2 protein chains.
Amino acid sequence: MTISENTFIGEYKYSLDSKGRINIPSKFRQCLSIENDSTFVISRGIDFCIYAYPLVTWQGIEHNLKNLSSLSSTNRSFIRNTVRYASPTKYDKQGRISITQSLIDFAKLDKEILIIGVVNKLEIWNPKQLKLIDDKLSKIDQASYENLSEKIIL
Amino acid sequence: MTISENTFIGEYKYSLDSKGRINIPSKFRQCLSIENDSTFVISRGIDFCIYAYPLVTWQGIEHNLKNLSSLSSTNRSFIRNTVRYASPTKYDKQGRISITQSLIDFAKLDKEILIIGVVNKLEIWNPKQLKLIDDKLSKIDQASYENLSEKIIL
DNA sequence: TAAAATTGTGGGTAGTTGTGGGTTAATTAC
DNA sequence: GTAATTAACCCACAACTACCCACAATTTTA
């Protein structure tokens, strides 16, 4: 049952099969609006995970990138690095996308996979990697967390 | 009789059945406004209980999260940890929601269940856990209570 | 007080979901 | 051009979930 279109929450444990495929949770597939044509754009994430954007969300990002001037070298590099590892992937009849070897290597994916809906996109993790990041952050950032939780009432 | 929509008070004792379902008190169901489509979003609470938000209340939280930039690592982690254990659940014809195993484990739920309305959301407890927390808090927090009483007139 | 409606709990069944693997088409290498 | 490798597509099946019905206990209504 979907909350709102192209918006994802929750985490799911799946496995990367011998052919490099990962199941997209059924709940997430149901959230994907029809115009996405069953397609996610997968790319390198920020903390050694893989991002999977609904096609239309990605198109929005592309639109924003077009408005960045290429005269700035920072911009050029940002645009290049945002786009160079991205590729659209349609999921098959069983609901699986296949992940390129380059992204599997980047995210150090093993058989065990964690897919997390983080509102506007999905994150695909090796659970061990996520734990590393989590532990590191929880130590240093207690103060900023409390700051945030004053702004957002849970 | 409802006091105001999507606002809950009072506590009820129920049981977790063999299929992981919990009844939502009829009073609370009646409080839920029609636009929620009989749906709560359940997630990890603070102190080892489960929170259940009316769908629309949760959508407000999501809206706030969408306004946080993902370029900050603190924000990314905050967003991830807020939504990763959340899932929408529509109650069935008998008024029960099913709780994921992951949340049952987190809240150490047993057969005996306590559901408490805490104004904007519900808390689902193992009564034993709640007692532990209560005992701990009543010892240390006399001062903070007096502090609060300046802000809230009872 | 009796009848009717509502509420909480148990359980059965049909459909859905996740996963493995086989077959054919497309791409690449030689 | 042909062989080898890769990718796309399809089928199968066990496990799980959503949906339905049943019924006792309680509350409401007449």
Side-chain angles (χ1 to χ4, degrees), chain A residues 1-3 8-32 37-42 50 52 55 86-105 109-117 122 124-127, chain B residues 1-2 8 10-32 36-42 52 55 86-105 109-117 122 124-127:
Chain A
M1 194 255 338
T2 77
I3 294 189
F8 315 94
I9 60 172
E11 76 169 19
Y12 297 86
K13 279 187 184 165
Y14 288 119
S15 54
L16 183 71
D17 72 13
S18 57
K19 290 182 177 178
R21 298 172 296 189
I22 301 179
N23 192 52
I24 299 288
S26 159
K27 289 243 174 88
F28 291 171
R29 275 180 264 144
Q30 288 162 18
C31 286
L32 205 63
D37 189 32
S38 310
T39 305
F40 286 91
V41 175
I42 56 175
I50 299 172
L55 180 58
S87 64
T89 330
K90 196 168 177 172
Y91 56 76
D92 69 15
K93 217 176 178 182
Q94 279 70 252
R96 296 169 294 194
I97 55 173
S98 41
I99 310 290
T100 59
Q101 192 57 47
S102 137
L103 283 177
I104 291 178
D105 294 342
L109 292 190
D110 225 330
K111 181 156 175 66
E112 209 184 347
I113 296 290
L114 200 61
I115 301 193
I116 307 180
L122 314 182
I124 301 173
W125 287 92
N126 178 334
Chain B
M1 196 258 327
T2 76
F8 315 94
E11 78 167 20
Y12 298 85
K13 278 187 184 166
Y14 288 116
S15 57
L16 183 70
D17 72 14
S18 60
K19 289 184 175 178
R21 297 174 296 191
I22 301 179
N23 191 51
I24 299 289
S26 160
K27 289 246 173 82
F28 290 170
R29 274 180 264 145
Q30 288 161 18
C31 285
L32 205 63
N36 286 286
D37 189 31
S38 310
T39 305
F40 286 90
V41 175
I42 56 174
L55 179 59
S87 64
T89 330
K90 195 168 178 169
Y91 56 75
D92 68 14
K93 224 175 177 181
Q94 280 70 250
R96 295 168 295 192
I97 56 173
S98 43
I99 311 289
T100 60
Q101 191 57 47
S102 138
L103 283 177
I104 292 177
D105 294 343
L109 292 190
D110 226 330
K111 183 155 174 69
E112 208 184 348
I113 296 291
L114 200 61
I115 301 193
I116 307 179
L122 314 181
I124 301 173
W125 287 92
N126 178 335

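Chain A is the first sequence line, chain B the second, and so forth, proteins listed ahead of strands; every chain is numbered from 1. Computed from a predicted structure; not experimentally measured.
- For the atom pair SG of B:C31 and CD1 of B:I24, the computed distance is 12.0 Å after rounding to the nearest 0.5 Å.
- C:dT7 atom C1' lies 15 Å from atom CZ of B:F28, rounded to whole Å.
- Note: CG (B:N23) to P (C:dT6) measures 16 Å, nearest angstrom.
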Practice prompt. Go through A:L16 and A:K111 one step at a time and tell me if the side-chain contact (heavy atoms from CB on, under 4.5 Å) criterion holds.
Written response: CA-CA 5 Å; A:L16 183 71; A:K111 181 156 175 66; 5.5 Å; no
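- Under the 4.5 Å side-chain criterion, counting only non-hydrogen atoms from C-beta, A:S87 is in contact with A:I42.
- At a non-hydrogen distance threshold of 4.0 Å, B:R96 from residues 96-104 of chain B come into contact with DNA chain C.
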Check nucleotides 24-27 of chain D for protein N or O atoms closer than 3.5 Å to its own N or O atoms and list the pairs.
none

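- With sequence neighbours excluded, the residues forming a salt bridge (charged side-chain N to carboxylate O under 4.0 Å, His left out) with A:K90 are A:D37, listed by chain and number.
- Counting non-hydrogen atoms under 4.0 angstrom, B:K13 reaches nothing in the nucleic acid.
- A:V41 is listed as a side-chain neighbour of A:L55, based on a closest heavy-atom distance under 4.5 Å.
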Quick one: which protein N/O atoms are closer than 3.5 Å to N/O atoms of nucleotides 22-25 of chain C? Pair and distance per line, please.
unit_1 : atom_1 : unit_2 : atom_2 : d
C:dG22 : O6     : A:K19  : NZ     : 2.0

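- Judged purely by atom type and a 3.5 angstrom limit, B:D110 has no side-chain atom pairing as donor or acceptor with the backbone of B:E112.
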Item to complete: Decide side-chain contact (heavy atoms from CB on, under 4.5 Å) for B:L32 and B:F40; before the verdict, give the C-alpha distance in whole Å, the side-chain angles of both, and the deciding distance to 0.1 Å.
Response: CA-CA 9 Å; B:L32 205 63; B:F40 286 90; 3.8 Å; yes
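- Rounded to whole angstrom, the span from the OH atom of A:Y12 across to the C1' atom of D:dT17 amounts to 12 Å.
- Here the CG atom belonging to B:L114 is positioned 9.0 Å from the CG atom belonging to B:N126, to the nearest 0.5 angstrom.
- One can place OH of A:Y91 at 14 Å from P of D:dC9, the figure rounded to the nearest angstrom.
- A 4.5 Å side-chain heavy-atom check between B:L103 and B:I124 finds every atom pair outside the cut-off.
- Two residues, A:P25 and B:D17, neighbour DNA chain C, and the one matched to the more 5' nucleotide by heavy-atom proximity is B:D17.
- The interatomic distance linking A:Q30 (CD) with C:dG18 (C1') rounds to 14 Å, in whole Å.
- Rounded to 10°, the angle separating the first-five-pair axis and the last-five-pair axis of the helix from C:dT1-D:dA30 to C:dC30-D:dG1 equals 40°.
- Atom CG of residue B:L122 and atom CD1 of residue B:I116 lie 10.0 Å apart, to the nearest 0.5 angstrom.
- Shown here are the salt bridge (charged side-chain N to carboxylate O under 4.0 Å, His left out) partners of A:D92, two or more places apart in sequence or in another chain: A:R96.
- When rounded to the nearest whole Å, the span between CG of B:L16 and P of C:dG11 equals 14 Å.
- Between C:dT17 and A:S26, a contact under 4.0 Å exists linking OP1 or OP2 to a side-chain N or O.
- Distances were taken from every side-chain heavy atom of A:S15 (C-beta onward) to each of C:dT19, C:dG18, C:dT9; the shortest belongs to C:dT19.
- Residue-level contact check: A:K111 touches the backbone only, with heavy atoms under 4.0 Å from sugar-phosphate atoms and none from bases.
- Note that CD1 of B:I115 and CH2 of B:W125 are 13.5 Å apart. Values are rounded to the nearest 0.5 Å.
- The CD-C1' distance, from B:Q94 to D:dA22, rounds to 9 Å in whole Å.
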Fill in: Verdict with reasoning, B:N23 to B:R29, per side-chain contact (heavy atoms from CB on, under 4.5 Å)
CA-CA 10 Å; B:N23 191 51; B:R29 274 180 264 145; 3.5 Å; yes
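- Counting heavy atoms from C-beta outward, A:Y12 and A:K27 have side chains that approach closer than 4.5 Å.
- If you take NZ of A:K93 and P of D:dA12, they are 11 Å apart, rounded to a whole angstrom.
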